[in-house]
Amino acid sequence: MHTPKIDRANFTIAIFVVFMVGLPLFIWPSASGDLILQIYNWIADHFGLAYQWGVIGITIFLVWLAFSPYGKIKLGGAAAEPEFSTFSWFGMLFSAGVGAGLLYWAPIEWAFYFTDPPFGAEPRSVAAYQWATSYGLFHWGIAAWAIYALPTIAIAYPYYNQKARHLRLSTAFHGMLAQNTLPAQNNMSQTTQDMPHTTQDILSRLLDFLFMLALLAGAGTSMGLAIPMVSDCLALLFDIDRSKMLDMGVVLICVALFAFSVYWGLEKGIRKLADLNIILAILFLIIVLCIGPTIFILRLGTESIGFMFANFISMLTYTESLERSPFVKDWTIFYWAWWFAYAPFIGLFIARISRGRTLRQVILSMCFFGSLGSWLFFLIIGNYALHLDLKMILDVTTMVQTNPSRAVAEIIATLPLRHFMLGIFILLSIIFIATTYDSASYSLASAASRKLAIGSHPARWHRMFWAFVLGFLPLALLSVSGGIKTAKSLVLVASLPILIISAIMCFSLLKSLRQSHAH
């Protein structure tokens with residue numbers, strides 16, 4: 001098969017973005033951290049409501065699309081067959097979608113909400129517990145996966161059904177950027193390659209630039225949170241002190257692993273790593289459930305799911321209009337920004353692996369199975385950690401205020417078979433990091449390739465190149481002052497343009513669907 005050539009403009013842009021973001025963090029860590037925090041506060045204060053309305057709008061739009069006649073459309077045409085089994089497909093989309101950030105937040109997110117609850121609840125009260133154990137399910141649930149599903153469909157439909165030649169974010173705007181788009185059955189030979197290098201080309205380049213910026217911020221934030229967690233777990237496992245050298249060693253191990261994975265491509269590398277990831281995750285969760293306070297976890301988990309669904313609309317529309325609490329600004333807006341920053345590259349990657357599935361299957365599978373997978377971590381590991389706090393076995397609520405990553409390590413270390421469970425958790429975390437970053441490397445390589453035909457892959461050296469380049473930003477984040485707050489802030493800064501273009505993405509997708517399927 002013909003190897004796609006490098007798109008030199010996008011390749012250069014991506015390199016520029018990496019060093020534009022990373023170098024200031026290395027050279028001026030303190031000033032960079034302070035500036036990012038200031039920008040975060042300004043965006044959250046002025047555009048926080050736009051994020052909330054954006055999530056509401058996307059959720060409603062995708063529910064309509066899934067159950068409309070358009071939902072029956074198969075990506076690639078009626079005769080197309082899925083390239084991957086359902087298990088492997090789910091494993092890849094889930095592993096790429098949540099990353100190691102899930103392992104970081106699942107054990108400890110409830111503790112932040114318990115001491116600073118929403119809706120005016122008293123800290124450390126029964127109501128605070130109810131909100132604390134339910135809000136993680138909300139932030140990592142249906143709305144989050146709906147944000148991912150929009151670019152997935154918007155990229156996959158033009159690529160597979162309208163024969164767009166490029167697998168990149170600008171493909172999602174094929175319906176608006178391509179001139180004189182005709183119905184699909186009469187337009188199989190027409191591609192975005194025919195577009196003149198004028199306004200459309202400039203807009204495409206701008207969209208791809210925003211995609212790369214958001215990808216780096218989202219993936220960098222995820223790895224910036226996960227690396228200290230893995231280092232603290234290793235320090236406990238081997239009874240050593242955590243250090244910068246240990247952090248760098250973890251980064252290098254992760255980079256080497258996902259470089260190896262992405263070198264072997266989707267079938268031999270990424271798919272097999274994702275399959276192993278899902279098997280390990282299921283094994284780990286079953287062990288924690290069985291050796292932990294099983295009945296407590298199941299009872300509290302049942303209540304948490306019910307409480308979340310009963311208050312879903314309230315959570316979705318909660319703006320703190322009459323309160324001075326920073327809860328929505330610090331948490332809900334951050335999460336929506338994180339998902340928006342991740343969405344283009346997750347959408348591009350899932351689009352690549354979803355040929356042969358209907359729009360309805362993709363949307364509902366992502367929103368249901370993606371949410372369910374995330375919820376299991378919060379319900380089992382999170383409720384186990386809460387049990388430790390209630391029984392005064394480990395003061396989790398105090399530890400997260402000073403050293404969240406250490407708190408995660410200490411929680412896992414309380415399990416029976418301490419060294420064995422720490423080892424599995426470390427391995428699971430590294431594989432989660434690797435599956436996120438090899439997906440990101442593959443997406444960057446795809447975005448910087450020309451004429452990527454359906455079923456083909458970017459060049460191996462190209463995929464590996466991005467695997468190593470992506471390790472640069474997490475190393476930079478580890479040197480920045482502000483810790484977890486700075487990491488959270490960076491993703492909001494990069495996600496604002498993606499929020500804006502998501503609305504345009506909906507209109508472009510609708511235009512493409514209506515033109516190709518007027519009947």
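We're numbering straight along the sequence, starting at 1. What's counted below: heavy atoms across the whole structure, side chains too, no hydrogens, waters or symmetry copies.
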Just wondering, more than 12 heavy atoms not from Trp53 lying within 6.0 Å of its CH2?
no
How are the rings of [X] and [Y] set to each other: parallel, tilted or perpendicular (split at 30° and 60°)?
X	Y	result
Phe309	Trp375	perpendicular
Phe307	Trp131	perpendicular
Tyr135	His139	tilted
Trp145	Tyr148	perpendicular
Tyr335	Trp338	parallel

Contacts of Arg406 meeting salt bridge (charged side-chain N to carboxylate O under 4.0 Å, His left out) (sequence neighbours excluded), chain-then-number -> Asp232, Glu410
Of Tyr104, Phe420, Phe284, the one forming a ring-ring contact (aromatic ring centres under 6.0 Å, His included) with Phe425 is Phe284
request  = For Ser243 and Asp241, test the side chains for any donor-to-acceptor distance below 3.5 angstrom and give the result as yes or no.
outcome  = no
Practice prompt. Ignoring hydrogens and angles, state whether a donor on the side chain of Tyr113 or Ser134 is under 3.5 Å from an acceptor on the partner side chain.
Written response: no
Verify the ring-centre separation between [Y] and [X]: is it less than 6.0 angstrom?
X	Y	result
Phe138	Trp336	yes
Phe369	Phe94	no
Trp105	Trp110	no

Thr152 meets the side chain to side chain donor-acceptor pair (under 3.5 Å) criterion, sequence neighbours left out, with none
side-chain hydrogen bond (donor to acceptor under 3.5 Å, both in side chains) assessment of Ser371 paired with Trp140: CA-CA 7 Å; Ser371 299; Trp140 289 77; over 6 Å; no
